[in-house]
Amino acid sequence: MRPLGKLAAMSIDPGTLIEWFDERGRDLPWRRPDCTAWGVLVSEIMLQQTPVVRVQPLWTEWLTRWPRPSALAAAPQGEVLRAWGKLGYPRRALRLHAAADAIAREHDDVVPNDVDTLLALPGIGAYTARAVVAFAYGKRAPVVDTNVRRVVARAVHGAGDAGPPSNTRDMADIEAFLPEQDAEAAKFSAAVMELGALVCTARSPQCADCPIFADCAWQRAGRPAYAGPAKPVQKFAGTDRQIRGRLLDVLRGTAEPVAKSRLDVVWSEAGRRDRCLDSLLADGLVEQIEDGRFALPGEH
DNA sequence: TATGCGTGGCA
DNA sequence: TTGCCAAGCAT
């Protein structure tokens, strides 16, 4: 046991959290020692805004089918989109395909191991770049995702939830607790994320099971409700996102290009429908072939 | 900095 | 049922 004086000064104790993670952390395939950096990168892209349970089977399929960046890069875009299935946000699939191509051509088929090079790749932002550096290469980097932001908001700031994101501030917040040693820092980052995913959850946090309960500023403050600005709610029904999703679903389901009439049935308002189809064409998620029919890109 | 971008499960 | 939520990114 640590002395009480130190406890009071540490809201997030790395040693306590790492010990908890070693015992309670999930055995996910992209966390196993034999997982490649490419496997970690694919997992991080798939996990953006998408639950683990939905990602895991797809990830296994992808790594078997495309075990290296060059293998994915060699596949047509349409095949990649079809393999993405209903994971959501299919632009991620296109960007991952483009990133794989860049890695194969410019980096000798090896996933880069530094933040700046990773940031230059499509679909890789502040979170994913540092997650790859930490989880694929075991290097020290401040990894901030929605879980980390929530844990810091509660344990450190005593707030019910995180306010609006500010990358600079959010990274500085967790940097204050990040261990100096590479391997320990990487494990700490995984542990904070895991705590947010399993215990310090958004809806009903399991504080009774929390390893840092005694150090938590939110507990000490009496668990006040979130007091920050209201978070914008994501609508889906009736949005362009829903219409685009339906259009793509038709094209994923057919090997052959389809006539426009096949797409027109997904939504009654012609104007909205056509604008959505145009936006999919502009995004490179759909292609129109010479005879006027529509298909997933790169296959015809 | 604020928005738009898919999908499905759960309370 | 409806709204909230899930390892963000690009513009």
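Letters A, B, ... are given to chains in the order of the sequence lines, protein chains preceding strands, and every chain is numbered from 1. What you see below is based on every heavy atom in this structure, not just the backbone, and it leaves out hydrogens, waters and symmetry mates.
A side-chain donor-acceptor contact under 3.5 Å links A/Asp114 and A/Thr117.
Every pair tested for ring-ring contact (aromatic ring centres under 6.0 Å, His included) that includes a residue from residues 98-137 of chain A fails, sequence neighbours excluded, so the list is empty. Residue pairs meeting the ring-ring contact (aromatic ring centres under 6.0 Å, His included) criterion with at least one member in residues 60-83 of chain A, sequence neighbours excluded, are A/Trp62-A/Trp66, A/Trp62-A/Trp84.
The side-chain tip of A/Arg223 points at the ring of A/Trp218 from less than 6.0 angstrom away and within 45° of straight on.
In terms of the side-chain contact (heavy atoms from CB on, under 4.5 Å) criterion, residue partners of A/Arg24 (sequence neighbours excluded) are, by chain and number, A/Trp20. Considering only residues two or more places apart in sequence or on other chains, A/Arg262 meets the side-chain contact (heavy atoms from CB on, under 4.5 Å) condition with A/Thr254, A/Val258.
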Decide yes or no on side-chain contact (heavy atoms from CB on, under 4.5 Å) for A/Ile12 and A/Leu195, but give the supporting numbers first. CA-CA 11 Å; A/Ile12 303 181; A/Leu195 187 74; over 6 Å; no

For a salt bridge (charged side-chain N to carboxylate O under 4.0 Å, His left out) check, start with the C-alpha distance between A/Arg275 and A/Asp278, then their side-chain angles and the critical distance, and finish with the verdict. CA-CA 5 Å; A/Arg275 276 197 297 280; A/Asp278 283 344; over 6 Å; no

Donor-acceptor pairs under 3.5 angstrom involving side-chain atoms of residues 164-174 of chain A: please list them, not counting sequence neighbours.
| from | atom 1 | to | atom 2 | distance (Å) |
| --- | --- | --- | --- | --- |
| A/Asp170 | OD2 | A/Arg149 | NH1 | 3.0 |
| A/Asp170 | OD2 | A/Ser166 | N | 3.1 |
| A/Asp173 | OD2 | A/His157 | NE2 | 3.0 |

Just distance, no hydrogens or angles: give the donor-acceptor pairs under 3.5 Å from side chains in residues 93-101 of chain A, sequence neighbours left out.
| from | atom 1 | to | atom 2 | distance (Å) |
| --- | --- | --- | --- | --- |
| A/His97 | NE2 | A/Leu72 | O | 3.4 |
| A/His97 | NE2 | A/Ala75 | O | 2.8 |
| A/Asp101 | OD1 | A/Arg105 | NE | 3.0 |
| A/Asp101 | OD2 | A/Arg105 | NE | 3.0 |

Contacts table for residues 200-213 of chain A: side-chain donor-acceptor under 3.5 angstrom, sequence neighbours left out:
| from | atom 1 | to | atom 2 | distance (Å) |
| --- | --- | --- | --- | --- |
| A/Thr201 | OG1 | A/Ser204 | O | 3.2 |
| A/Gln206 | NE2 | A/Ser204 | O | 2.7 |

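Chain A approaches DNA chain B within less than 4.0 angstrom (heavy atoms of the protein), and the contacting nucleotides run 5' to 3' from B/dG4 to B/dC10.
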Given protein heavy atoms under 4.0 Å, the one-letter contact record of nucleotides 4-11 of chain C, with B base, S sugar-phosphate only and - none, is simply BSBBBSS-

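Rounded to whole Å, the separation between the P atoms of B/dT3 and C/dA7 comes to 23 Å. Comparing the P positions of B/dG8 and C/dC9 gives an interatomic distance of 23 Å, to the nearest angstrom.
Apart from A/Val53 itself, the hydrophobic cluster it occupies contains nothing, where clustering links Ile, Leu, Val, Met, Phe, Trp and Tyr at side-chain heavy-atom distances under 4.5 Å.
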Pairing string of DNA chain B (Watson-Crick or G-U wobble, both atom distances under 3.5 Å; | = paired to other strand) is .||||.|||||

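No engagement by A/Asp283 is indicated, since no non-hydrogen atom pair under 4.0 Å with the nucleic acid exists.
Applying a 4.0 Å cut-off to non-hydrogen atoms, the residues of residues 249-275 of chain A that approach DNA chain B are A/Arg252, listed by residue number.
Comparing A/Pro164 and A/Pro90 by the nucleotide of DNA chain B whose heavy atom lies nearest to each, the residue mapping closer to the 5' end is A/Pro164.
Residues A/Lys187 and A/Glu19 are not paired through a salt bridge, judged by the lack of any N-O separation under 4.0 Å between the basic side chain and the carboxylate.
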